[in-house]
Chemist: 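Okay, here's the structure, questions in a sec.
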Amino acid sequence: MVHEEIDEKVEAQKKKDIINYRNKKRTSRIFLFAVTIYEIVETILVVFLLFLLSTLIISKLFGNNPELAQNAFSVAFVVVFIGGLVLGFIIFKKTVQWFIEKYKLEDKLTDEVLYHYKKQTKDDKEEAVEKWKR
C-alpha cells in the first residue's frame with residue numbers, strides 16, 4: 001500500500017513535469033517567433049536610419065561635386081549596410097537580454113533559448129570552451 005502511494009506520487013510528478021516542459025516549449029516558440037519579427041524590423045530600421053544619416057552627411061559634404069558625392073555614396077552604401085546589420089544584431093541581443101531579465105522569463109523559457117540569449121559570464125565562456133575542446 002505504501003509503495004502504491006509512492007508510485008502514484010511519482011507518476012503525478014512526472015505528469016506535472018511533462019506539462020511544465022510542454023508549456024515552456026510552447027512559450028519558447030512564441031518568444032522566438034516574436035523576437036525574430038522584432039529583429040527583422042529593428043535591423044531594417046537601423047540600416048534605414050544609417051542610410052538616411054549617411055545621405056545627409058554626403059550631400060552636405062559633397063553637394064558641390066556630384067561625381068565625388070556619387071563615389072562617396074557608393075562606398076558608404078556598402079559600409080552602412082554591413083555596419084547597420086552588425087549594429088542591429090548587437091542592439092537586438094542587448095534588448096532581448098534586457099527583456100528576459102526585466103520580465104523574469106527565466107522560468108518560462110527552455111534552457112536552450114535562455115542559453116542562447118543570456119549574458120555569459122567569464123566562467124560560462126571558459127566552460128563552453130572546455131566543452132568544445134573535448
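Values below: all heavy atoms of this structure, side chains included; hydrogens, waters and symmetry mates excluded.
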Chemist: Starting at CZ of Phe81, measure out to CZ of Phe51 and round the result to the nearest 0.5 Å.
Modeler: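 That separation rounds to 6.5 Å.
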Chemist: If hydrophobic clusters are built from ILVMFWY residues whose side chains come within less than 4.5 Å, do Leu45 and Val86 share one?
Modeler: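 No; Val86 is not reachable from Leu45 via cluster members.
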Chemist: Nearest 0.5 Å please: distance from the CD1 atom of Ile57 over to the CZ atom of Phe73.
Modeler: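 Going from CD1 on Ile57 over to CZ on Phe73, the span is 12.0 Å.
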Chemist: Do you reckon Ile58 sits in the same ILVMFWY cluster as Leu68, going by side-chain contacts under 4.5 Å, direct or chained?
Modeler: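 Ile58 clusters together with Leu68.
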Chemist: Enter the distance from Tyr103:OH to Phe31:CZ here, rounded to the nearest 0.5 Å.
Modeler: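 Reported to 0.5 Å precision, the distance equals 12.0 Å.
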Chemist: Taking atom NZ of Lys102 and atom CD of Gln97, what is their separation to the nearest 0.5 Å?
Modeler: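 Reported value, rounded in 0.5 Å steps: 16.0 Å.
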Chemist: Is there a chain of hydrophobic side chains (I, L, V, M, F, W, Y, each step under 4.5 Å between heavy atoms) that links Leu49 to Val41?
Modeler: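 Unlinked, Leu49 and Val41 end up in two clusters.
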Chemist: To check you understand the geometry: which heavy-atom pair defines the closest contact between Gly84 and Val46, and what is its length?
Modeler: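 Heavy atoms only, the tightest pair is O-CG1, 3.7 Å.
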Chemist: Quick one: closest heavy-atom pair of Phe62 and Ala72, and the distance?
Modeler: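 Heavy atoms only, the tightest pair is CE1-CB, 3.7 Å.
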Chemist: Does Tyr117 form a side-chain contact (heavy atoms from CB on, under 4.5 Å) with Leu109? I'd like the steps, not just the answer.
Modeler: CA-CA 11 Å; Tyr117 289 111; Leu109 300 173; over 6 Å; no
Chemist: Please assess Asn20 against Lys16 for the test side-chain contact (heavy atoms from CB on, under 4.5 Å), listing each intermediate value before the final yes or no.
Modeler: CA-CA 6 Å; Asn20 188 26; Lys16 191 175 183 181; 5.8 Å; no
Chemist: Any pair with a residue in residues 51-76 that passes side-chain hydrogen bond (donor to acceptor under 3.5 Å, both in side chains), sequence neighbours left out, goes on the list, sorted by first then second residue, please.
Modeler: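 Those involving residues 51-76 do not exist here.
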Chemist: Kindly work out whether a path of hydrophobic side-chain contacts (I/L/V/M/F/W/Y, heavy atoms less than 4.5 Å apart) joins Val113 to Trp98.
Modeler: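 Yes, same cluster.
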Chemist: If you take all heavy atoms of Leu114 and Leu105, which pair is closest and at what distance?
Modeler: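 Minimum heavy-atom contact is CD2-O, 4.3 Å.
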Chemist: Please report the interatomic distance CD1(Ile44) to CD(Glu39), rounded to the nearest 0.5 Å.
Modeler: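 Taking CD1 in Ile44 and CD in Glu39, the distance rounds to 10.5 Å.
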Chemist: Taking a hydrophobic cluster as the set of Ile, Leu, Val, Met, Phe, Trp and Tyr residues connected by side-chain heavy atoms closer than 4.5 Å, whether directly or through intermediates, do Val80 and Phe89 fall within one such cluster?
Modeler: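 Yes; Phe89 is reachable from Val80 via cluster members.
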Chemist: Do other residues, nucleotides or ligands put more than 12 heavy atoms under 6.0 Å from Lys93 NZ?
Modeler: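 For Lys93, atom NZ is crowded (more than 12 foreign heavy atoms under 6.0 Å).
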Chemist: Should the heavy atoms of other residues, nucleotides or ligands under 6.0 Å from OH of Tyr38 be counted, would the total exceed 12?
Modeler: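 For Tyr38, atom OH is crowded (more than 12 foreign heavy atoms under 6.0 Å).
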Chemist: Could you please spell out the steps behind the side-chain contact (heavy atoms from CB on, under 4.5 Å) verdict for Asn23 and Arg26?
Modeler: CA-CA 5 Å; Asn23 287 339; Arg26 183 184 55 222; 2.9 Å; yes
Chemist: Using 0.5 Å steps for rounding, measure from the OG1 atom of Thr95 to the CD1 atom of Ile100.
Modeler: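 Answer for the OG1-CD1 pair, Thr95 versus Ile100, is 10.0 Å.
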Chemist: Enumerate the residue pairs fulfilling side-chain hydrogen bond (donor to acceptor under 3.5 Å, both in side chains) with a member in residues 105-114, sequence neighbours excluded, ordered by first and then second residue.
Modeler: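 Sorted result for residues 105-114: Ser28-Thr110, Thr110-Glu112.
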